[in-house]
Amino acid sequence: MPDQGKTVPEKFLKPYDAVATEPAVYKKWEDSGYFNPDNLPGDRTEAFSIIMPPPNANGSLHVGHALFVTLQDLLIRYKRMRGFKTLWLPGADHAGFETQLVYEKKLEKEGRSRFKMEREEFYNETLKFTQENKHYMEGQLRQLGASCDWSREKFTLDPAIIKTVYDTFKKLYEDGLVYRGVRPVNWSTKYQTSLSDLETKMVERKDPLYYLKYGPFVLATVRPETKFGDTAVAVNPNDARYKEWVGKEIEFEGLIGPIKLKVIADEYVDPEFGTGVVKITPAHDPNDFEVAQRHNLPIVEVIDKYGKLTEKCGKYAGLKVMEARKVVAEDLAAKGLLEKVDENYTHTVLVNYKNENDILEPRVMPQWFIKMAPLAEMARKAVEDGRVNFVSDQYRKIFFHWLENLRDWNISRQIVWGIPIPAWFKGNEVKIQDETPGEGWERDTDTFDTWFSSGQWPFATLGYPDSPDFKTFYPTSVMETGYDILMFWVMRMIMLGLYRTGEVPFRDVYLHGLVRDANRQKMSKSKGNVINPLDVAEKYGTDSLRMALLIGNTPGQDMALAEDKIKGYKLFSNKLWNIARFVLENAGDADTDAAYVAKDQEYLTQFEALTADITKDIEEYRVYMAAEKLYHYLWDVFAANLLEESKPIFKTGSPEEAASRKRLLMTILSDSLKLLHPFMPFITEEIWSSMQGIDGLLMVAEWPAK
RNA sequence: GCACCCUUAGCUCAGUUGGUAGAGCAGCGCUUUUACACAGCGAAGGUCGGGGGUUCAAAUCCCUCAGGGUGCACCA
């Protein structure tokens, strides 16, 4: 053995064992206290902060979570090494409606139902369920290497968070931006709650289109069962066919007695569609409601909250919508009031975004709404003048487009699992406070839309307005999350952050895409194509998973992830491990003052250029490029050239050449570990710990770029 | 209907401010010579969706067509 006498730790004689190494490395980091910005070494004045998008505490982490952990941990580790006072604040979301759905399903499996439980009982069980999940998730985040400050962890139901949410609600109410309105909402008869416009989806369906005889008119509708709620028929003001009817009343025999309806003219009616005549049912169609507002039409509720016809429908009362549709159509036909039926009519229906079988019923109900126009304007300005910067420009465009079509936001939910709305009613009086105002007041039983509280997450978690953390870390530096919650969350945070604090909640928005399977299919349990991040992390190492998630993944774009790709970076880990072994065996005794020969000086210059390049890439959020460049350099330059060339130098070269080369290898290895650490934190820290003469943790080593 | 994105090697994707193309996997070939068999090395592979334009120069900028995807939207 030519290398006798060199001391290389025995672990390098075996392939890198990620599974055995990673938990111990994480423990070292956590024990060091450096996750907490207050404990970081040196004099750090400039802050860098990321608020972690709180995972929903209703399940385990999926590969999408692994992606955000990887991206955010990378940015945090990079800035920590650059000398910033870095805070990455973790949390968990009670995720109101979604968690309630998950828990209801669980109850269903046990043959139970929340409708047979006391409110409190259901709430407490769900709370226990989320707390267990939350604990489990924290372990998973650690496994993924998240260097977040656990001492500052927050939960959306923490009393301090709830207090902030209440204060915001009260302020909005006092400013006239929150109002109690009787307006159309998206009602789920299945889950017995309203949903915001964002929590709905349009799906295409084929339904019969019925042509009904309304006195002198024929009009088309998919929903004959709502006819009992008609309060007018409408035509287009420019439609010559019906001009003489406008303002008059039509009278005809209905199913439950004679009907009298006013004929109104409104631009809403498209003369080209159907017969150009529309029945107006304000209580069960948001458009009809708007028409009714313009024409002062009465609103008659004919469908109740269970989706059954009301007593206004005579003998049809009590029938469910779909049954009623059939019966009403039959009876109309029998009475000769049905002109024809188009059986192949394709249209869109509004459904629950979490359950396409849950067709939503538009209903007019008293609910809490937020006036969006003033808030949207604040947000628009902030993005327009660059106070908030989108890393990918496409989402800036989508953001502006979205702001154009905003309706007021329904923030009250008729569900148990959530933050109770601090409102009290007595007759027509309303008071906003948490404690009872006294005798005769009744508390609102509704809870907040979960996005109303998460929309306040950045300033709520930092303890607005008095906490030192708020002063140090707000506005936060980056918001990194999936583009799928741009509207749900990012928009609302910008609006509510600006409204409440006067400042944007974050400066840069980095939106990542969906992680799909190798064939670009969405991962789903039913398809069986799910990659469980913790499983593959145990198989190939967390570092390999992180690299696989980073390389070839650009902001805002979906990525395909195959297990083979992760495996590929396991090979890279092993390559790096063996590079380290070679360097330690052959250059472990390097003299750090040795003079560089010309060739080695060239290598060093090349490496310094790479360092600057990679630094720029990270600064400009091209982390995928930085990762690829490092991969390429280490494999194709360091291993293939530097190491191979070194072998003859160490065998037959001059002492000057050998000394120069030893110093070069040690220098480039140690700086490479620094550059690679934000990407592959575990293996780099582990190698670092074995390098002679290097003290301390790599996670707080100084970044090598000038 | 409006808006946005995508189309590059067999597959999945990169390509920063315009300078005649890169990675991983698959496929092909070679190698068990002490950094690496839990592999390694090498070669091959593309008229950058079609057409037009700007430019000394276009995968990159502009126009247009085609295909795919997503978001928003009040057609009963």
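Naming convention: chains lettered A, B, ... in sequence-line order (proteins, then strands); numbering from 1 in each chain.
Note: A:F607 and A:F638 fail the aromatic proximity criterion, with ring centroids not under 6.0 Å apart. Taking the six-membered ring where the residue is Trp, the centroids of A:F679 and A:Y631 are separated by 6.0 Å or more. Ring-centre distance between A:F369 and A:W409: not below the 6.0 Å cut-off. With ring centers used as reference points, A:Y510 lies 6.0 Å or more from A:H512.
Residue A:Q394 contributes atom CD, which lies 11 Å from atom P of B:U7 at whole-angstrom precision. The distance from atom CG of A:L665 to atom C1' of B:A35 is 11 Å, rounded to the nearest whole Å. Atom CG of A:D636 is separated from atom P of B:G24 by 7 Å (rounded to the nearest Å). Taking atom NE2 of residue A:H284 and atom C1' of nucleotide B:C74, one finds them 18 Å apart after rounding to whole Å. Nucleotide B:U12 holds its C1' atom 15 Å from the CD atom of A:E563, rounded to whole Å. Note: OH (A:Y268) to C1' (B:A73) measures 13 Å, nearest angstrom. A:F572 places its CZ atom 16 Å from the P atom of B:A39, with the value rounded to the nearest Å. Atom-to-atom, CG of A:L219 to C1' of B:A76 comes out at 8 Å; the value is rounded to the nearest Å.
Of the residues in residues 285-296 of chain A, A:N287 come within less than 4.0 Å of RNA chain B through at least one heavy atom, sorted by number.
A:R661 has a carboxylate O that lies under 4.0 Å from a charged side-chain N of A:E645, or vice versa, which qualifies the two as a salt bridge. Ionic pairing of A:E686 and A:K11 is present here: one or more N-O contacts between side-chain nitrogen and carboxylate oxygen are shorter than 4.0 angstrom. Classification of A:D408 and A:K371 as a salt-bridged pair fails, no side-chain N sitting under 4.0 Å from a carboxylate O. A salt bridge links A:E361 with A:R223: at least one charged nitrogen is closer than 4.0 Å to a carboxylate oxygen. Using a cut-off of 4.0 Å between Lys/Arg side-chain N and Asp/Glu carboxylate O, A:E343 and A:K206 are scored as not salt-bridged. Between A:K616 and A:E619 no salt bridge is recorded (no basic side-chain N to carboxylate O distance below 4.0 Å).
Between B:C65 and B:G71, the two C1' atoms lie 24 Å apart (nearest whole Å). Using atom C1' as the reference point in both B:A21 and B:G45, the two lie 13 Å apart (nearest Å). Nucleotides B:G51 and B:A9, compared at atom C1', are 24 Å apart to the nearest Å. Rounded to whole Å, the separation between the C1' atoms of B:C48 and B:G15 comes to 11 Å. Remark: the separation of the P atoms in B:G29 and B:G18 is 43 Å, to the nearest Å. With both ends at atom P, the span from B:U20 to B:A59 equals 10 Å, rounded to whole Å. Between B:A14 and B:U7, the distance separating the two C1' atoms is 15 Å to the nearest Å. Nucleotides B:A39 and B:A35, compared at atom C1', are 12 Å apart to the nearest Å.
Neither OP1 nor OP2 of B:A26 sits under 4.0 Å from any side-chain N or O of A:K565. A:K647 has a side-chain polar atom (N or O) that falls below the 4.0 Å cut-off from OP1 or OP2 of B:A35. In this model, the phosphate group of B:G40 is not approached by any side-chain N or O of A:W635 to a distance below 4.0 Å at OP1 or OP2. Between B:G71 and A:Y395, no contact under 4.0 Å exists linking OP1 or OP2 to a side-chain N or O.
Pair assignment for B:A39 gives B:U31, based on Watson-Crick or G-U wobble hydrogen-bonding distances that are each under 3.5 Å. Pairing for B:C75 is absent, with no Watson-Crick or G-U wobble pair whose two atom distances lie under 3.5 Å. In this structure, B:C61 forms a base pair with B:G53, meeting either the Watson-Crick or the G-U wobble geometry with both donor-acceptor distances under 3.5 Å. Both distances falling under 3.5 Å, in either a Watson-Crick or a G-U wobble arrangement, place B:A3 opposite B:U70. Pair assignment for B:U20 gives none, since no Watson-Crick or G-U wobble pairing has each distance under 3.5 Å.
Within the nucleic acid shown, A:F12 has no heavy atom closer than 4.0 Å to any nucleic acid atom. As judged by a 4.0 angstrom heavy-atom cut-off over every strand, A:M487 is placed among residues touching the sugar-phosphate backbone only. Heavy atoms of A:V277 sit nowhere under 4.0 angstrom from any nucleic acid atom. Across all strands shown, A:L209 has no heavy atoms under 4.0 Å from either base or sugar-phosphate atoms. Among the heavy atoms of the strands, none lies under 4.0 Å from A:F650. Among the protein residues, A:H347 comes within range of the sugar-phosphate backbone only, with heavy atoms under 4.0 Å from sugar or phosphate atoms but none that close to a base. Contact annotation for A:A640: no contact, since no heavy-atom pair falls under 4.0 Å across all strands.
Between the side chains of A:N186 and A:T200, not a single donor N or O lies within less than 3.5 Å of an accepting N or O. A donor and an acceptor atom, one from each side chain of A:S660 and A:D600, are located under 3.5 Å apart.
Comparing B:C25, B:C5, B:U12 against the side chain of A:K397 picks out B:C5 as the nearest. Minimum atom distance to the side chain of A:F273 is reached by B:C75, of the listed B:G40, B:C75, B:A35.
Looking at which nucleotide of RNA chain B each of A:F582 and A:K570 is closest to, the 5′-most match is held by A:F582. Comparing A:N574 and A:T275 against RNA chain B, the residue whose closest nucleotide sits nearer the 5' end is A:N574.
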Give me the distances for all protein-to-nucleotides 14-19 of chain B N/O pairs that come in under 3.5 Å?
residue: B:A14; atom: OP1; partner: A:T554; partner atom: OG1; Å: 2.7
residue: B:G15; atom: OP1; partner: A:Y624; partner atom: OH; Å: 2.8
residue: B:U16; atom: O2; partner: A:D617; partner atom: OD1; Å: 3.3
residue: B:U16; atom: O2; partner: A:R622; partner atom: NE; Å: 2.9
residue: B:U16; atom: O2; partner: A:R622; partner atom: NH2; Å: 2.8

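With hydrogens and angles ignored, a donor-acceptor pair closer than 3.5 Å exists between the side chain of A:E644 and the base of B:A35.
Applying the ring pair (Phe, Tyr, Trp, His ring centres under 6.0 Å) rule to pairs touching residues 536-558 of chain A yields nothing, sequence neighbours excluded.
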